[in-house]
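A note on names: the letters A, B, ... follow the listed sequences, proteins ahead of strands, and every chain is numbered from 1.
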Protein chains: 2
Amino acid sequence: MPEAWESDARTATARPCGAGGCDEKAEMSTPPLPAPTLRRMPAYLRLLRAWEAEGRDTVSCTHLAEALGLDPTLIRKDLQLAGGSGRPKTGYRLAELVPALEAFLGWSHPSEAFVIGAGNLGLALLHYQGFAAHGLSIVAAFDDDARKVGTSSLGKRIFPLAKLADLGQRMGVRLGILCVPEAAAQAVAETCCAAGMRGLWNFTGARLQLPEGTVVEDIDLAQSLALLSHRLSHRQAPHPAASPIGTAP
Amino acid sequence: MPEAWESDARTATARPCGAGGCDEKAEMSTPPLPAPTLRRMPAYLRLLRAWEAEGRDTVSCTHLAEALGLDPTLIRKDLQLAGGSGRPKTGYRLAELVPALEAFLGWSHPSEAFVIGAGNLGLALLHYQGFAAHGLSIVAAFDDDARKVGTSSLGKRIFPLAKLADLGQRMGVRLGILCVPEAAAQAVAETCCAAGMRGLWNFTGARLQLPEGTVVEDIDLAQSLALLSHRLSHRQAPHPAASPIGTAP
DNA sequence: GGTTAATCGGTAATTAATTCTCTATATAGG
DNA sequence: CCTATATAGAGAATTAATTACCGATTAACC
Ligand SMILES: NC(=O)c1ccc[n+]([C@@H]2O[C@H](COP(=O)([O-])OP(=O)(O)OC[C@H]3O[C@@H](n4cnc5c(N)ncnc54)[C@H](O)[C@@H]3O)[C@@H](O)[C@H]2O)c1
Ligand SMILES: NC(=O)c1ccc[n+]([C@@H]2O[C@H](COP(=O)([O-])OP(=O)(O)OC[C@H]3O[C@@H](n4cnc5c(N)ncnc54)[C@H](O)[C@@H]3O)[C@@H](O)[C@H]2O)c1
C-alpha cells in the first residue's frame, strides 16, 4: 500500500508572518505552517467539492482518510490548521469547510496571472481550462518573439514582452508564470518583479534570485523524473507505508 | 534567504528492495532511500555537468552547498547514498561522480516513453527538447481522437490509442506519460500497464490504482499552486532558513 | 431519558530528515 | 619530508512531520 506526499517545488519568501490560524492574538511570528500540509489541501478540497456536489453535507476525517489513503489524525490536524472546525459524531459541515479551505488557499476569488513565454509549455498553460477550479485566471501571455505576438488564440492575447511592465501595473496582476527558456528566466523574473508582481510560478529550471518578499514556486520536472526513473530502474518502493486510493488533487 | 526543497509528487510501488547503495551485502529490504534525497539529485547533476563542461575536474560538498544554498553535510550524505566517493582536501572527481549520479538515477541511457493524450500538455511534453538531459526520450504519442492521429509534428508520430498495447510491447517501452483528461486517466493507465509499462508519469489530477510493482509519479500543479497562492495571500515565508542561490534543477 | 457509538481536539510518542560535531586522511605548500 | 588545512566520513543531536493515544462531546438509537 504505497503512497507518498511529496512535491517538486521550492517556495521562497521573506517575511514570516500570519499563518493559517493567524487570528486576533497578534502573536509575533506565527509558525510558518508546514508545506506538506499545504500540499495536501487541494486533494481535500477536490474531494470535498465532489461530495458536496453529490449532496452530502457533512464529512468526517475518517471518510477523507479512507478515500485518500492517509491517516485520519493527519487530516484532522491539517483541517485545524486551515481553520476548519468539526463536531463530534458528525464531522465537518461541507458548507463551511469548503469555503474555509478556499479562503485558506487564497482561492476564494481567482488571482489573475500572466504567462511569460508563449512556447510549448506557456501556451499549454494558457489554454488549460482547469485552473479556474484552483483560483487562477490566466489573462494574457507575453513573448519577445514577434511571430508569437498578437496571436489571439482561444481568446487569449499574446503581447510583446515590452508591454509587460505597463500592463502588469495597470491591471494589477500580481502573479507571473515563467515559461521562457532557462537562460532568460532570471532577467524575465526581474522584469516581473519590477512590474509589481509578487508571486512567480517558475517552470524553467532556473534558480531565481529575487528581492525579499517575492514568492517563488518552482515546478521542476527533473525532480519528479528522478524519482520515477530511479525507482523504475531499481524497482523500489517509496515508503513502507500508505496506499493510493480515492481520487484527489 | 529563503528556500525549500519540496515537491508536488507522489510515487508508489510495491516491492521494497535494493536501494542506491544496494551493494553486495544482500541485506533484506534495504531502507528505501529518502525521496528528498532523490529530488535533490537533478540539481547536483546539473551543476556538476556544467562545471565539468567548464573544465573543472574535482568538486567539494562545500562548493555545491554554496552554489545551491544547502548544508554541506546534507550533500555529502546524498552523494554517499548515490554511490559517490570523494577524497579529503580535493573532494569528488567529476569524471566519476557524474556517471555515478547518472547511473543512480537511471539516466545513463535514455528511457523510451510514450505520451498518452496529445492535447495541450501532451504535445508540449512531446515537443520539449530538454528531456534528453534527463534520461528521457519520448518516442511517440497516442490519442483516441482521430483528428489528432497521424499528425507527425516535429518528427514525432501520433498513433491511435488502439495501437498502444501492440506498439508498447513490440518496442518494449516501459514508461507512459499520462496527459489525458482526468476522467480517462484510470482506464488509460490500466491499458498502459497491460501493455507492459512499468512506470507512469501522471499529469492528470487522478489518483491511480494500479497493480503492485507499477511506479507512479504524479505531477500535481494544484499542490504547487496551493503553496503559491496561500503564501501570496498570506505573505508568508516557507521556512526560517535557507536561501536561493546558484542555478540548478 | 439513558445508552451507545462515532468523532473531534489536544497531547504524547514515533519516525523521518536535517543539521551539528568530531575524527581521520589525503593533499598542497613550505 | 613535514606541517597545516580543507575535506570526507561516521555518528550524535536536533528539528520537523507523522502517527498513536486519550478524554470530551455530540448525535443517534433504544
Ligand atoms: N515544454 C515542456 O514540456 C517543458 C517541460 C519542462 C520544463 N520546461 C521549461 O519550460 C520553459 C519553456 O519551455 P518550452 O518548451 O515552452 O520552450 P519554447 O522554446 O517552446 O518556448 C519558449 C518561449 O519563450 C519565448 N522567449 C524566449 N526568450 C524570451 C524572453 N526573454 N522573454 C520573453 N519570451 C521569451 C520564446 O519566443 C518562446 O516562445 C523552459 O525553461 C523549459 O525548460 C518545458
Ligand atoms: N494543459 C495544462 O496546462 C495542464 C495543467 C495541469 C494539468 N493538466 C492535466 O493534463 C491533462 C491533459 O490536459 P490538456 O490541457 O492537455 O487537455 P486536452 O483536452 O488539451 O488534451 C487531452 C487529450 O487527450 C485525448 N484523450 C481524451 N480521452 C482519451 C483517451 N481515453 N485515450 C487517449 N486520449 C484521450 C484528447 O483527444 C485530447 O487530445 C488533464 O488531465 C489536465 O487536468 C493540464
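- In terms of position on DNA chain D, the residue among A:K89 and B:G84 whose nearest nucleotide sits closer to the 5' end is B:G84.
- Between the CG atom of B:L70 and the C1' atom of C:dT18 there is a distance of 11 Å, given to the nearest Å.
- The shortest non-hydrogen separation linking B:Y92 to B:G84 is CE2-C, 4.2 Å.
- Looking only at distances, a side-chain donor or acceptor of B:W107 sits under 3.5 Å from a matching main-chain atom of B:H134.
- Note that the SG atom of A:C179 and the CH2 atom of A:W201 stand 9.0 Å from one another [nearest 0.5 Å].
- Residue B:T90 places its side chain closer to C:dA28 than to any other of D:dT18, C:dA17, C:dA28.
- We find that B:E54 and B:R49 are not joined by a salt bridge, their nearest charged nitrogen and carboxylate oxygen being 4.0 Å or further apart.
- Taking atom CD1 on B:I75 and atom C1' on D:dA10, their separation rounds to 18 Å, with Å as the unit.
- DNA chain C is contacted by no residue of residues 56-63 of chain B, taking any non-hydrogen atom closer than 4.0 Å.
- Between the side chains of B:S224 and A:E217, at least one donor N or O lies within less than 3.5 Å of an accepting N or O.
- By the 30° and 60° cut-offs, the orientation of the rings of A:F104 relative to B:H234 is tilted.
- Nearest to the side-chain atoms of B:L74 among the listed nucleotides D:dA8, D:dA17, C:dT18 stands C:dT18.
- Using a 4.0 Å cut-off between charged side-chain N and carboxylate O, A:E182 and B:R46 make a salt bridge.
- Note that CZ of A:R174 and OG of B:S233 are 8.0 Å apart. Values are rounded to the nearest 0.5 Å.
- Taking atom CZ on A:R76 and atom C1' on D:dG23, their separation rounds to 13 Å, with Å as the unit.
- The shortest distance between the side-chain N/O atoms of B:R87 and the OP1/OP2 oxygens of C:dT27 is below 4.0 Å.
- Side-chain N or O atoms of A:T214 include none that pairs as donor or acceptor with a backbone N or O of A:L210 at under 3.5 Å.
- Of the candidate nucleotides D:dA10, C:dA5, C:dG10, D:dA10 has the atom lying nearest to any side-chain atom of B:T73.
- Computed from coordinates, the A:D71 CG to C:dA13 P distance equals 17 Å when rounded to whole Å.
- One can place CG of A:L64 at 11 Å from P of C:dT7, the figure rounded to the nearest angstrom.
- Contact annotation: A:Q80 side-chain N/O to C:dG10 OP1/OP2 distance is under 4.0 Å.
- Side chain of A:R40, nearest nucleotide from D:dT18, D:dT25, D:dG9: D:dT18.
- The two residues A:P42 and B:A222 make their nearest non-hydrogen contact at CG-O, 3.4 Å.
- Within the 4.0 Å cut-off from OP1 or OP2 of D:dG9, at least one side-chain nitrogen or oxygen of B:Y92 is found.
- Annotation: proximity of residues 93-100 of chain B to DNA chain D (heavy atom, distance under 4.0 Å) is found for no residue.
- If you take NZ of A:K77 and P of D:dA16, they are 13 Å apart, rounded to a whole angstrom.
- As rounded to whole Å, 15 Å separates atom C1' of C:dC8 from atom CG of A:L81.
- One interatomic measurement links the two molecules: CG of B:L38 to P of C:dA16, which rounds to 16 Å at whole-angstrom precision.
- Ranking C:dT19, D:dG9, C:dA26 by closeness to the B:P88 side chain, first place goes to C:dA26.
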